[in-house]
*Asks:* 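Handing you a structure now.
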Amino acid sequence: MLNSRQALSNARIELNNIRAKYNESLAKAQSDLSSAFSSKASVQGDIAKLRNEISNIDIRRGLYIVRLRRMAIL
C-alpha cells in the first residue's frame, strides 16, 4: 500500500513537471508567434514607405521639363 501511494505521488509530480514544460513551451511558441507578427507588420510598414517614396519620385520625375535653348550662330 505504501509503495502504491509513493508511486501515485511520483506520478503526480511527473505529471506536474510535464504540464509545466508544456505550458513553458506553449508560452514560448506564442511569444515567437507574436514576434513574427510584429516583424511582419514592421516590414509591411517599410514596404509601404518605400512604395510611397517611389511614387513621389515618379511624380516629381514627370514634372521635369527639358528645355533646349537655341543658340544664335554668329
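The shown structure was predicted, so the numbers you read here are calculated from the model rather than taken from an experiment. What's counted below: heavy atoms across the whole structure, side chains too, no hydrogens, waters or symmetry copies. For reference, positions follow the sequence shown, starting with 1.
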*Asks:* For the atom pair OG (Ser25) and NZ (Lys21), what is the distance rounded to the nearest 0.5 Å?
*Replies:* 9.0 Å
*Asks:* Return yes if some donor-acceptor pair links the side-chain N/O of Ser9 with the main-chain N/O of Arg5 below 3.5 Å, else return no.
*Replies:* no
*Asks:* Using a 3.5 Å distance criterion without hydrogens, assess whether the side chain of Ser35 forms a donor-acceptor pair with backbone atoms of Ser31.
*Replies:*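 A pair under 3.5 Å: yes.
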*Asks:* Going from CD1 on Ile18 to CD1 on Ile13, what distance comes out if it is rounded to the nearest 0.5 angstrom?
*Replies:*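 Spacing of CD1 (Ile18) from CD1 (Ile13) equals 12.0 Å.
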*Asks:* Do the side chain of Asn23 and the main chain of Arg19 share a donor and acceptor less than 3.5 angstrom apart?
*Replies:*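 Present.
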*Asks:* To the nearest 0.5 Å, how far apart are CD in Glu14 and CG in Asn17?
*Replies:* 5.5 Å
*Asks:* Out of curiosity, Glu53 CD to Asn56 CG, how far, rounded to the nearest 0.5 Å?
*Replies:*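 Rounded to the nearest 0.5 Å, the CD-CG separation comes out at 8.0 Å.
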*Asks:* Side chains of Gln6 and Asn10: any donor to acceptor distance under 3.5 Å?
*Replies:* yes
*Asks:* For the pair Lys49 and Asp46, find out whether any cationic side-chain nitrogen is under 4.0 Å from an anionic carboxylate oxygen.
*Replies:* no
*Asks:* How long is the span from the CD1 atom in Ile59 to the CD1 atom in Ile54, to the nearest 0.5 Å?
*Replies:*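 So the gap between those two atoms works out to 12.0 Å.
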*Asks:* Rounded at 0.5 Å granularity, tell me how far NZ in Lys40 sits from CD1 in Ile47.
*Replies:*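 It is 10.5 Å, given to the nearest 0.5 Å.
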